[in-house]
Amino acid sequence: MEIWVNPACSKCRSAVKMLDEAGSEYTIRRYLEDPPTAEELGAVLDRLGLEPWDIARAQEKIAKELGMAKWPKERDRWIEAMVTHPILIQRPIITADDGTTVVGRSEEEVRKVL
């Protein structure tokens, strides 16, 4: 299992705590320091069944500066922006070995990978 985290994020810390309490084995990826490639992000989106605009952090300063709210829904453009500016990626994202992938912002979502 892998979890993409921003250590400053309380939702990420909660998800890690739940994984620890469940005795799960996982790898932490600090995605701001080690951003995903376009291929990795595309694969995660496919596993989630979502598009990049579904997991974009639209309120981030850089999203506003780029004018993303007005962008057409062009997958490659959005993915490239998120890879270039990983702060735009919603977190935490957890990918289990069985392929189950969630945006673990709630306890219910984190439980889906346990």
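Model, not experiment: these values are computed from the prediction. Heavy-atom basis, side chains included; hydrogens, waters and symmetry copies ignored.
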query = Of all residues at least two apart in sequence or in a different chain, which pass the salt bridge (Lys or Arg N to Asp or Glu O under 4.0 Å) check with Arg13?
reply =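 Salt bridge (Lys or Arg N to Asp or Glu O under 4.0 Å) check on Arg13 returns nothing, list empty.
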ask   = Of all residues at least two apart in sequence or in a different chain, which pass the salt bridge (Lys or Arg N to Asp or Glu O under 4.0 Å) check with Lys64?
value =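 Lys64: no salt bridge (Lys or Arg N to Asp or Glu O under 4.0 Å) contacts found.
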ask   = Hey, does the side chain of Ser106 reach the backbone of Gly104 with a donor-acceptor pair shorter than 3.5 angstrom?
value =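 A pair under 3.5 Å: no.
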query = Are the side chain of Tyr26 and the backbone N or O of Ile94 linked by a donor-acceptor pair below 3.5 Å?
reply =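 Looks like no, no N/O pair under 3.5 Å.
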Treating Ile, Leu, Val, Met, Phe, Trp and Tyr as nodes and any side-chain heavy-atom pair under 4.5 angstrom as an edge, say whether [X] and [Y] lie in one connected cluster.
X      : Y     : value
Val110 : Leu48 : no
Val103 : Met82 : yes
Trp78  : Leu32 : yes
Leu19  : Tyr31 : no

Trace of the salt bridge (Lys or Arg N to Asp or Glu O under 4.0 Å) decision for Lys112 with Glu108 = CA-CA 7 Å; Lys112 290 179 182 178; Glu108 294 94 22; over 6 Å; no
Can you tell me how far apart [atom1] ([X]) and [atom2] ([Y]) are? Round to the nearest 0.5 Å.
X      : Y      : atom1 : atom2 : value
Leu88  : Ile55  : CG    : CD1   : 10.0 Å
Glu40  : Thr95  : CD    : OG1   : 10.0 Å
Glu107 : Leu114 : CD    : CG    : 10.5 Å

query = Of the non-hydrogen atoms in Ala58 and Ala63, which two are nearest, and what is the gap between them?
reply =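 Scanning both residues completely, I find the closest heavy atoms to be O-CB, 3.5 Å.
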message = Restricting to non-hydrogen atoms, name the atom on Arg57 and the atom on Ile89 that form the minimum distance, rounded to 0.1 Å.
response =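 Looking at all heavy atoms of both residues, the closest pair is CD-O, 3.3 Å.
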key: Within residues 73-93 or reaching into it, pairs that qualify as salt bridge (charged side-chain N to carboxylate O under 4.0 Å, His left out) - sequence neighbours excluded   =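 Sorted result for residues 73-93: Asp46-Arg75, Glu51-Arg75.
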query = With side chains defined as the heavy atoms from C-beta onward, is the minimum distance between Leu45 and Pro52 less than 4.5 Å?
reply =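 Yes; the side chains approach each other to less than 4.5 Å.
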inquiry  = Within the structure provided, determine whether Pro36 and Val44 are in side-chain contact (heavy-atom separation under 4.5 Å).
reply    =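 Answer no - side chains too far apart.
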message = Set out, in order, the CA-CA distance, both residues' side-chain angles and the distance that settles side chain to side chain contact (heavy atoms under 4.5 Å, CB included) for His85 and Leu66, then state yes or no.
response = CA-CA 11 Å; His85 307 284; Leu66 293 171; 3.9 Å; yes
inquiry  = Please enumerate all residues that pass side chain to side chain donor-acceptor pair (under 3.5 Å) together with Asp97, with sequence neighbours excluded.
reply    =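 With neighbours one apart ignored, the set is empty.
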ask   = Looking at residues at least two apart in the chain, or sitting in another chain, which of them share a side chain to side chain donor-acceptor pair (under 3.5 Å) with Glu65?
value =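 Not a single residue meets the side chain to side chain donor-acceptor pair (under 3.5 Å) criterion with Glu65.
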Pair Glu109 + Arg105, salt bridge at N-O below 4.0 Å =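 Between Arg105 and Glu109 there is no salt bridge, as every charged N stays at least 4.0 Å from the carboxylate O atoms.
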Check residues 1-11 and write down every donor-acceptor pair under 3.5 Å in which the side-chain atom is one partner and the other belongs to a residue at least two apart or another chain.
| from | atom 1 | to | atom 2 | distance (Å) |
| --- | --- | --- | --- | --- |
| Glu2 | OE1 | Trp4 | NE1 | 2.8 |
| Asn6 | OD1 | Ala8 | N | 3.0 |

